[in-house]
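A short write-up of the structure that comes next.
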Amino acid sequence: MAEFLGAFDPEVKLCIIDLRLPAFEGATQDNNGVGILQAIDKAGAGHVKLLAISAYPEEFSDIRAQFESRGCLLLDFNHKEVWQGVLKQMVLELQSAEQMDFIIFCALRKERAPYTAMEELGGSAKSNDNLTRLDVTIAGRRGTIVEMPRMGLVDAAIIAGKCIERFRPKIVAMSGICAGFTDRAELGQLLVPELAYEYQSGKWSDEGFSGEPYQVPIGERVRVLARALIEDPGLLPRLEHGLRLKRPMQMSQPKLATFTSGSAVIASDEYMLQVAALHRRVSGLDMEVYAVHRAAHIASCMPDVICAKTVVDLAGGDKDDTLHSYGCVISARFTVEFLESYFQQ
(Lines give C-alpha, C1' and ligand atoms only; values in the text may rest on other atoms or scores of the structure.)
Protein backbone atom coordinates (compact mmCIF):
# COMPACT_ATOMS: atom_id res chain seq x y z
CA MET A 1 0.00 0.00 0.00
CA ALA A 2 2.85 2.42 0.81
CA GLU A 3 4.51 1.73 -2.55
CA PHE A 4 1.21 2.25 -4.35
CA LEU A 5 0.64 5.63 -2.70
CA GLY A 6 4.13 6.76 -3.69
CA ALA A 7 4.05 5.51 -7.27
CA PHE A 8 0.47 5.97 -8.51
CA ASP A 9 0.47 8.01 -11.71
CA PRO A 10 -2.67 10.03 -12.62
CA GLU A 11 -1.96 9.12 -16.28
CA VAL A 12 -3.04 5.55 -15.49
CA LYS A 13 -6.26 4.67 -17.31
CA LEU A 14 -7.12 1.33 -15.70
CA CYS A 15 -6.47 0.08 -12.18
CA ILE A 16 -6.95 -3.57 -11.20
CA ILE A 17 -7.42 -3.73 -7.44
CA ASP A 18 -6.53 -6.65 -5.18
CA LEU A 19 -8.46 -6.16 -1.97
CA ARG A 20 -5.84 -7.78 0.23
CA LEU A 21 -2.29 -6.46 0.34
CA PRO A 22 0.20 -5.41 3.06
CA ALA A 23 0.02 -1.83 4.36
CA PHE A 24 3.83 -1.61 4.28
CA GLU A 25 6.80 -3.80 3.35
CA GLY A 26 7.06 -6.81 5.61
CA ALA A 27 3.54 -6.51 6.98
CA THR A 28 0.89 -9.18 6.69
CA GLN A 29 -1.82 -8.95 4.06
CA ASP A 30 -4.82 -6.91 5.13
CA ASN A 31 -8.07 -5.67 3.61
CA ASN A 32 -6.77 -2.39 2.13
CA GLY A 33 -9.08 -2.32 -0.89
CA VAL A 34 -11.10 0.64 0.37
CA GLY A 35 -7.87 2.52 1.06
CA ILE A 36 -6.79 2.02 -2.56
CA LEU A 37 -10.14 3.33 -3.77
CA GLN A 38 -9.86 6.44 -1.57
CA ALA A 39 -6.25 7.07 -2.64
CA ILE A 40 -7.21 6.99 -6.33
CA ASP A 41 -9.98 9.55 -5.79
CA LYS A 42 -7.73 11.83 -3.70
CA ALA A 43 -5.15 11.72 -6.48
CA GLY A 44 -7.71 13.40 -8.76
CA ALA A 45 -8.01 10.28 -10.88
CA GLY A 46 -11.78 10.03 -10.98
CA HIS A 47 -11.55 9.11 -14.68
CA VAL A 48 -9.63 5.88 -14.02
CA LYS A 49 -11.54 2.70 -14.80
CA LEU A 50 -11.50 0.29 -11.86
CA LEU A 51 -11.84 -3.46 -11.51
CA ALA A 52 -11.50 -5.26 -8.16
CA ILE A 53 -10.61 -8.96 -8.20
CA SER A 54 -10.29 -11.01 -5.02
CA ALA A 55 -10.12 -14.63 -3.98
CA TYR A 56 -12.11 -13.69 -0.85
CA PRO A 57 -15.62 -12.96 -2.18
CA GLU A 58 -17.05 -13.32 1.33
CA GLU A 59 -15.56 -9.88 2.05
CA PHE A 60 -17.51 -8.19 -0.77
CA SER A 61 -20.73 -7.54 1.16
CA ASP A 62 -19.26 -4.94 3.54
CA ILE A 63 -17.61 -2.88 0.82
CA ARG A 64 -19.79 -3.45 -2.25
CA ALA A 65 -21.68 -0.16 -1.95
CA GLN A 66 -18.47 1.91 -1.82
CA PHE A 67 -16.96 0.20 -4.86
CA GLU A 68 -20.08 0.13 -7.01
CA SER A 69 -20.78 3.83 -6.31
CA ARG A 70 -17.38 4.47 -7.92
CA GLY A 71 -18.31 2.30 -10.91
CA CYS A 72 -15.98 -0.51 -9.79
CA LEU A 73 -17.05 -4.13 -10.20
CA LEU A 74 -16.14 -6.69 -7.52
CA LEU A 75 -15.34 -10.06 -9.12
CA ASP A 76 -14.35 -13.44 -7.71
CA PHE A 77 -10.84 -14.46 -8.81
CA ASN A 78 -11.94 -18.08 -8.96
CA HIS A 79 -14.38 -17.26 -11.78
CA LYS A 80 -11.64 -16.57 -14.28
CA GLU A 81 -13.76 -16.57 -17.42
CA VAL A 82 -15.90 -13.80 -15.94
CA TRP A 83 -13.20 -11.40 -14.79
CA GLN A 84 -10.99 -12.06 -17.82
CA GLY A 85 -13.92 -11.23 -20.14
CA VAL A 86 -14.70 -8.02 -18.24
CA LEU A 87 -11.03 -7.00 -18.23
CA LYS A 88 -10.66 -7.58 -21.98
CA GLN A 89 -13.73 -5.44 -22.66
CA MET A 90 -12.40 -2.60 -20.48
CA VAL A 91 -9.05 -2.66 -22.28
CA LEU A 92 -10.75 -2.60 -25.69
CA GLU A 93 -12.85 0.41 -24.65
CA LEU A 94 -9.77 2.29 -23.47
CA GLN A 95 -7.82 1.49 -26.62
CA SER A 96 -10.63 2.81 -28.81
CA ALA A 97 -11.08 6.01 -26.75
CA GLU A 98 -9.92 9.18 -28.49
CA GLN A 99 -7.72 11.38 -26.31
CA MET A 100 -6.40 14.88 -26.98
CA ASP A 101 -3.68 16.86 -25.23
CA PHE A 102 -5.64 20.08 -25.66
CA ILE A 103 -8.96 21.48 -26.85
CA ILE A 104 -9.51 24.98 -28.21
CA PHE A 105 -13.10 26.21 -28.25
CA CYS A 106 -14.46 28.90 -30.59
CA ALA A 107 -18.00 30.24 -30.47
CA LEU A 108 -18.04 31.57 -34.04
CA ARG A 109 -16.84 30.32 -37.42
CA LYS A 110 -14.80 33.51 -37.88
CA GLU A 111 -13.06 32.85 -34.55
CA ARG A 112 -11.98 29.42 -35.76
CA ALA A 113 -10.99 30.67 -39.24
CA PRO A 114 -7.45 31.88 -38.29
CA TYR A 115 -6.47 28.34 -37.29
CA THR A 116 -7.36 26.94 -40.72
CA ALA A 117 -4.92 29.46 -42.23
CA MET A 118 -2.04 28.21 -40.05
CA GLU A 119 -0.60 25.51 -42.29
CA GLU A 120 1.97 24.57 -39.63
CA LEU A 121 -0.84 23.15 -37.50
CA GLY A 122 -1.67 20.52 -40.12
CA GLY A 123 -5.39 20.96 -39.61
CA SER A 124 -7.73 18.12 -40.51
CA ALA A 125 -11.46 18.95 -40.52
CA LYS A 126 -13.87 16.45 -38.98
CA SER A 127 -17.57 16.43 -38.32
CA ASN A 128 -19.01 13.65 -36.19
CA ASP A 129 -20.96 13.15 -32.96
CA ASN A 130 -22.63 16.50 -33.68
CA LEU A 131 -19.27 18.28 -33.34
CA THR A 132 -17.53 20.43 -35.93
CA ARG A 133 -13.80 20.17 -35.24
CA LEU A 134 -10.39 20.79 -36.70
CA ASP A 135 -7.75 18.34 -35.44
CA VAL A 136 -4.33 20.01 -35.20
CA THR A 137 -0.84 19.56 -33.77
CA ILE A 138 0.89 22.16 -31.58
CA ALA A 139 4.37 21.60 -30.11
CA GLY A 140 4.14 17.95 -31.12
CA ARG A 141 0.93 17.50 -29.13
CA ARG A 142 -2.37 16.37 -30.58
CA GLY A 143 -5.43 18.51 -30.08
CA THR A 144 -8.65 19.71 -31.62
CA ILE A 145 -10.40 23.02 -32.25
CA VAL A 146 -14.12 22.78 -31.62
CA GLU A 147 -16.61 25.22 -33.11
CA MET A 148 -19.63 25.55 -30.85
CA PRO A 149 -23.01 25.23 -32.58
CA ARG A 150 -24.24 28.52 -31.09
CA MET A 151 -23.02 31.39 -28.97
CA GLY A 152 -23.94 31.65 -25.29
CA LEU A 153 -23.36 30.14 -21.87
CA VAL A 154 -25.67 27.16 -22.32
CA ASP A 155 -24.11 25.79 -25.51
CA ALA A 156 -20.63 26.60 -24.20
CA ALA A 157 -21.20 24.72 -20.96
CA ILE A 158 -22.73 21.67 -22.67
CA ILE A 159 -20.17 21.42 -25.46
CA ALA A 160 -17.18 22.12 -23.22
CA GLY A 161 -18.32 19.58 -20.64
CA LYS A 162 -19.01 16.95 -23.30
CA CYS A 163 -15.66 17.44 -25.05
CA ILE A 164 -13.59 17.54 -21.86
CA GLU A 165 -15.03 14.28 -20.59
CA ARG A 166 -14.65 12.65 -24.01
CA PHE A 167 -11.11 13.76 -24.91
CA ARG A 168 -9.67 14.22 -21.38
CA PRO A 169 -7.22 16.99 -22.34
CA LYS A 170 -4.41 18.37 -20.21
CA ILE A 171 -5.49 21.92 -21.01
CA VAL A 172 -8.58 23.64 -22.40
CA ALA A 173 -8.43 26.95 -24.27
CA MET A 174 -10.75 29.44 -25.92
CA SER A 175 -10.02 32.29 -28.32
CA GLY A 176 -12.09 34.92 -30.06
CA ILE A 177 -13.53 38.38 -29.59
CA CYS A 178 -15.26 40.16 -26.73
CA ALA A 179 -16.55 43.47 -25.44
CA GLY A 180 -14.64 45.72 -23.08
CA PHE A 181 -15.68 48.07 -20.29
CA THR A 182 -14.89 51.73 -20.85
CA ASP A 183 -11.84 52.95 -18.85
CA ARG A 184 -10.92 49.33 -18.05
CA ALA A 185 -10.08 48.03 -21.53
CA GLU A 186 -9.15 49.45 -24.92
CA LEU A 187 -10.30 48.61 -28.42
CA GLY A 188 -8.02 45.98 -29.92
CA GLN A 189 -6.59 44.97 -26.53
CA LEU A 190 -6.01 41.28 -25.91
CA LEU A 191 -7.47 40.14 -22.58
CA VAL A 192 -6.52 36.89 -20.86
CA PRO A 193 -9.05 36.10 -18.10
CA GLU A 194 -7.42 35.15 -14.80
CA LEU A 195 -10.85 35.12 -13.15
CA ALA A 196 -14.27 34.61 -14.72
CA TYR A 197 -17.79 34.91 -13.35
CA GLU A 198 -21.38 35.05 -14.58
CA TYR A 199 -23.04 38.43 -14.14
CA GLN A 200 -26.56 36.94 -14.39
CA SER A 201 -26.40 34.75 -11.27
CA GLY A 202 -28.25 36.15 -8.27
CA LYS A 203 -31.80 36.96 -7.27
CA TRP A 204 -34.55 39.09 -8.76
CA SER A 205 -37.04 40.59 -6.28
CA ASP A 206 -39.43 43.54 -6.14
CA GLU A 207 -36.47 45.67 -5.09
CA GLY A 208 -34.52 44.71 -8.22
CA PHE A 209 -31.58 42.40 -8.94
CA SER A 210 -29.10 41.30 -6.28
CA GLY A 211 -26.05 39.68 -7.89
CA GLU A 212 -24.25 36.62 -6.58
CA PRO A 213 -21.38 36.14 -9.06
CA TYR A 214 -19.78 32.70 -8.78
CA GLN A 215 -16.10 33.01 -9.68
CA VAL A 216 -13.67 30.54 -11.27
CA PRO A 217 -9.93 31.41 -11.45
CA ILE A 218 -7.28 29.90 -13.68
CA GLY A 219 -4.54 27.73 -12.16
CA GLU A 220 -1.42 29.35 -10.79
CA ARG A 221 0.90 27.63 -13.26
CA VAL A 222 -1.17 28.93 -16.18
CA ARG A 223 -1.40 32.42 -14.67
CA VAL A 224 2.38 32.69 -14.19
CA LEU A 225 3.07 31.41 -17.72
CA ALA A 226 0.48 33.77 -19.23
CA ARG A 227 1.89 36.75 -17.34
CA ALA A 228 5.41 35.99 -18.55
CA LEU A 229 4.18 35.81 -22.13
CA ILE A 230 2.10 38.99 -21.86
CA GLU A 231 5.00 40.96 -20.37
CA ASP A 232 7.29 39.98 -23.27
CA PRO A 233 7.80 43.23 -25.25
CA GLY A 234 8.09 41.18 -28.45
CA LEU A 235 4.67 39.57 -28.06
CA LEU A 236 2.55 42.10 -29.95
CA PRO A 237 5.00 42.40 -32.89
CA ARG A 238 4.95 38.60 -33.20
CA LEU A 239 1.15 38.43 -33.04
CA GLU A 240 0.79 41.16 -35.68
CA HIS A 241 3.53 39.92 -37.98
CA GLY A 242 2.40 39.92 -41.61
CA LEU A 243 -1.15 41.08 -40.83
CA ARG A 244 -2.93 43.18 -43.43
CA LEU A 245 -6.10 43.81 -41.49
CA LYS A 246 -7.79 46.84 -39.99
CA ARG A 247 -5.86 47.56 -36.78
CA PRO A 248 -6.92 49.58 -33.72
CA MET A 249 -5.99 53.25 -33.87
CA GLN A 250 -4.01 52.94 -30.66
CA MET A 251 -2.17 49.77 -29.62
CA SER A 252 -2.62 48.52 -26.06
CA GLN A 253 -0.52 45.99 -24.16
CA PRO A 254 -2.29 42.64 -23.57
CA LYS A 255 -3.21 42.04 -19.95
CA LEU A 256 -4.54 39.51 -17.46
CA ALA A 257 -8.08 40.53 -16.62
CA THR A 258 -11.20 39.79 -14.65
CA PHE A 259 -13.88 38.61 -17.06
CA THR A 260 -17.66 38.25 -16.92
CA SER A 261 -20.06 36.27 -19.09
CA GLY A 262 -23.77 36.25 -19.79
CA SER A 263 -26.24 34.78 -22.25
CA ALA A 264 -27.17 37.93 -24.16
CA VAL A 265 -25.43 40.52 -26.33
CA ILE A 266 -25.37 43.88 -24.53
CA ALA A 267 -25.85 47.00 -26.64
CA SER A 268 -26.83 49.42 -23.88
CA ASP A 269 -24.54 51.86 -22.06
CA GLU A 270 -26.90 51.90 -19.08
CA TYR A 271 -26.93 48.11 -18.72
CA MET A 272 -23.16 47.96 -19.11
CA LEU A 273 -22.83 50.32 -16.14
CA GLN A 274 -24.99 47.97 -14.06
CA VAL A 275 -22.87 44.97 -15.03
CA ALA A 276 -19.64 46.87 -14.37
CA ALA A 277 -20.84 47.73 -10.88
CA LEU A 278 -20.80 44.05 -9.85
CA HIS A 279 -16.98 43.94 -9.85
CA ARG A 280 -14.72 46.96 -9.68
CA ARG A 281 -11.96 45.31 -11.72
CA VAL A 282 -13.94 43.60 -14.48
CA SER A 283 -12.48 44.47 -17.89
CA GLY A 284 -14.01 42.10 -20.44
CA LEU A 285 -17.42 40.66 -21.25
CA ASP A 286 -18.50 37.82 -23.50
CA MET A 287 -21.01 34.99 -23.70
CA GLU A 288 -18.87 31.86 -23.07
CA VAL A 289 -15.66 32.24 -21.03
CA TYR A 290 -17.22 31.57 -17.61
CA ALA A 291 -18.87 28.39 -18.92
CA VAL A 292 -15.53 27.07 -20.26
CA HIS A 293 -13.77 27.93 -16.97
CA ARG A 294 -16.49 26.19 -14.98
CA ALA A 295 -16.57 23.09 -17.19
CA ALA A 296 -12.81 22.66 -16.81
CA HIS A 297 -12.98 23.34 -13.08
CA ILE A 298 -15.44 20.54 -12.32
CA ALA A 299 -14.22 17.98 -14.88
CA SER A 300 -12.95 14.70 -13.46
CA CYS A 301 -9.69 14.93 -15.45
CA MET A 302 -9.01 18.42 -13.98
CA PRO A 303 -7.50 20.16 -17.05
CA ASP A 304 -5.86 23.57 -16.94
CA VAL A 305 -7.74 26.37 -18.70
CA ILE A 306 -6.64 29.46 -20.65
CA CYS A 307 -8.84 31.86 -22.61
CA ALA A 308 -7.80 34.79 -24.80
CA LYS A 309 -10.20 37.33 -26.28
CA THR A 310 -9.64 40.59 -28.10
CA VAL A 311 -11.78 43.65 -27.32
CA VAL A 312 -13.64 44.69 -30.50
CA ASP A 313 -16.24 47.03 -28.98
CA LEU A 314 -16.96 48.75 -25.68
CA ALA A 315 -20.40 47.13 -25.41
CA GLY A 316 -22.43 50.31 -25.74
CA GLY A 317 -25.04 51.10 -28.35
CA ASP A 318 -22.49 51.61 -31.13
CA LYS A 319 -21.23 48.31 -32.55
CA ASP A 320 -19.54 47.34 -35.79
CA ASP A 321 -17.34 44.53 -37.04
CA THR A 322 -14.33 46.68 -38.00
CA LEU A 323 -11.91 44.88 -35.68
CA HIS A 324 -13.47 41.42 -35.74
CA SER A 325 -10.97 39.80 -38.12
CA TYR A 326 -8.02 41.42 -36.34
CA GLY A 327 -9.31 40.29 -32.95
CA CYS A 328 -9.87 36.71 -34.07
CA VAL A 329 -6.36 36.40 -35.53
CA ILE A 330 -4.57 38.01 -32.57
CA SER A 331 -6.34 35.83 -29.99
CA ALA A 332 -5.77 32.66 -32.05
CA ARG A 333 -2.07 33.38 -32.49
CA PHE A 334 -1.70 34.09 -28.78
CA THR A 335 -3.44 30.81 -27.92
CA VAL A 336 -1.09 28.81 -30.16
CA GLU A 337 1.99 30.55 -28.73
CA PHE A 338 0.76 29.97 -25.18
CA LEU A 339 0.18 26.24 -25.83
CA GLU A 340 3.65 25.94 -27.34
CA SER A 341 5.12 27.41 -24.15
CA TYR A 342 2.86 25.29 -21.95
CA PHE A 343 3.91 21.99 -23.50
CA GLN A 344 7.59 22.93 -23.55
CA GLN A 345 7.66 23.50 -19.79
Side-chain angles (χ1 to χ4, degrees), residues 106-108 110-111 151-153 156 174-202 204 208-218 223 226-227 229-231 235-236 239-240 243 245-293 306-335:
C106 296
L108 301 168
K110 61 185 172 184
E111 292 175 334
M151 300 183 296
L153 282 174
M174 185 174 204
S175 69
I177 55 178
C178 68
F181 289 87
T182 305
D183 299 328
R184 301 180 187 177
E186 304 293 335
L187 284 173
Q189 186 173 29
L190 180 70
L191 302 180
V192 178
E194 60 179 340
L195 179 74
Y197 66 92
E198 179 190 358
Y199 65 79
Q200 297 171 144
S201 57
W204 282 99
F209 180 71
S210 177
E212 189 176 356
Y214 302 113
Q215 304 178 16
V216 182
I218 60 176
R223 191 189 70 82
R227 179 177 291 279
L229 192 56
I230 285 171
E231 293 178 349
L235 175 62
L236 264 181
L239 297 182
E240 290 200 332
L243 279 186
L245 298 171
K246 177 68 176 178
R247 300 168 70 253
M249 295 182 64
Q250 181 178 343
M251 301 308 298
S252 301
Q253 185 67 18
K255 71 172 184 176
L256 289 172
T258 298
F259 221 82
T260 190
S261 301
S263 297
V265 175
I266 299 180
S268 164
D269 292 329
E270 181 181 353
Y271 195 56
M272 279 295 289
L273 290 174
Q274 295 179 35
V275 175
L278 291 173
H279 197 299
R280 67 182 181 87
R281 294 186 59 199
V282 64
S283 299
L285 177 148
D286 86 328
M287 300 170 68
E288 297 89 19
V289 162
Y290 171 75
V292 174
H293 273 228
I306 183 75
C307 296
K309 293 217 167 182
T310 308
V311 177
V312 296
D313 67 68
L314 295 178
D318 297 328
K319 289 179 177 289
D320 61 54
D321 59 2
T322 303
L323 293 176
H324 283 201
S325 295
Y326 172 86
C328 292
V329 172
I330 292 299
S331 61
R333 288 183 174 184
F334 174 85
T335 301

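The figures here come from the full heavy-atom set of this structure, side chains too, leaving out hydrogens, waters and symmetry mates.
A 4.5 Å side-chain heavy-atom check between Tyr290 and Tyr199 finds every atom pair outside the cut-off. Taking the side chain as every heavy atom from C-beta outward, Phe334 and Ile230 approach each other to under 4.5 Å. Between Ser283 and Lys255, the closest side-chain pair of non-hydrogen atoms falls below 4.5 Å. Within the 4.5 Å cutoff, the side chain of Phe259 has heavy atoms near those of the Lys309 side chain. Side-chain contact check for Pro254 versus Val192: every heavy-atom pair is 4.5 Å or farther apart. Leu243 places a side-chain heavy atom less than 4.5 Å from the side chain of Ile330. With a 4.5 Å cut-off on side-chain heavy atoms, Glu240 and Arg333 do not count as touching. Taking the side chain as every heavy atom from C-beta outward, Arg247 and Tyr326 approach each other to under 4.5 Å.
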Exercise. Between Cys328 and Glu111, does a side chain to side chain contact (heavy atoms under 4.5 Å, CB included) hold up when you go through it step by step?
Worked result: CA-CA 5 Å; Cys328 292; Glu111 292 175 334; 3.8 Å; yes
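Panel note: side chain Gln200, backbone Ser263; a donor-acceptor pair is recorded below 3.5 Å. Panel note: side chain Asp286, backbone Val289; a donor-acceptor pair is recorded below 3.5 Å. Distance alone, capped at 3.5 Å, places no donor-acceptor pair between the Gln189 side chain and the Ala185 backbone. In this structure, the side chain of Ser331 engages the main chain of Gly176 through a donor-acceptor pair within 3.5 Å. Distance alone, capped at 3.5 Å, is enough to place a donor-acceptor pair between the Ser201 side chain and the Glu212 backbone. Under a 3.5 Å cut-off, the side chain of Glu186 and the backbone N or O of Val311 do not form any donor-acceptor pair. No donor-acceptor pair closer than 3.5 Å links the side chain of Thr260 to the backbone N or O of Leu285. With hydrogens and angles disregarded, a donor-acceptor distance shorter than 3.5 Å links the side chain of Glu288 to the backbone of Gly152.
Note that CG of Leu256 is 7.0 Å distant from CZ of Arg223, once rounded to the nearest 0.5 Å. The line from CG of Leu229 to CG of Leu235 is 5.0 Å long, rounded to the nearest 0.5 Å. The distance from atom CG of Asp321 to atom CG of Asp313, rounded to the nearest 0.5 Å, is 10.5 Å. Remark: Ile306 CD1 to Thr335 OG1 distance equals 7.5 Å, nearest 0.5 Å. Atom CG of Leu245 is separated from atom OG1 of Thr322 by 12.0 Å, given to the nearest 0.5 angstrom. To the nearest 0.5 angstrom, Leu190 atom CG is 13.0 Å from Ile177 atom CD1.
Of all the heavy atoms in Cys178 and Leu191, the pair that sits closest is SG-CD1, 4.4 Å. Of all non-hydrogen atoms in Leu323 and Gly188, the two that sit nearest each other are CD1-N, 4.0 Å. Closest approach of Leu236 to Ser252, counting heavy atoms only: CD1-O, 3.6 Å. When all heavy atoms of Ala291 and Ala156 are compared, the pair lying nearest together is CB-CB, 3.7 Å.
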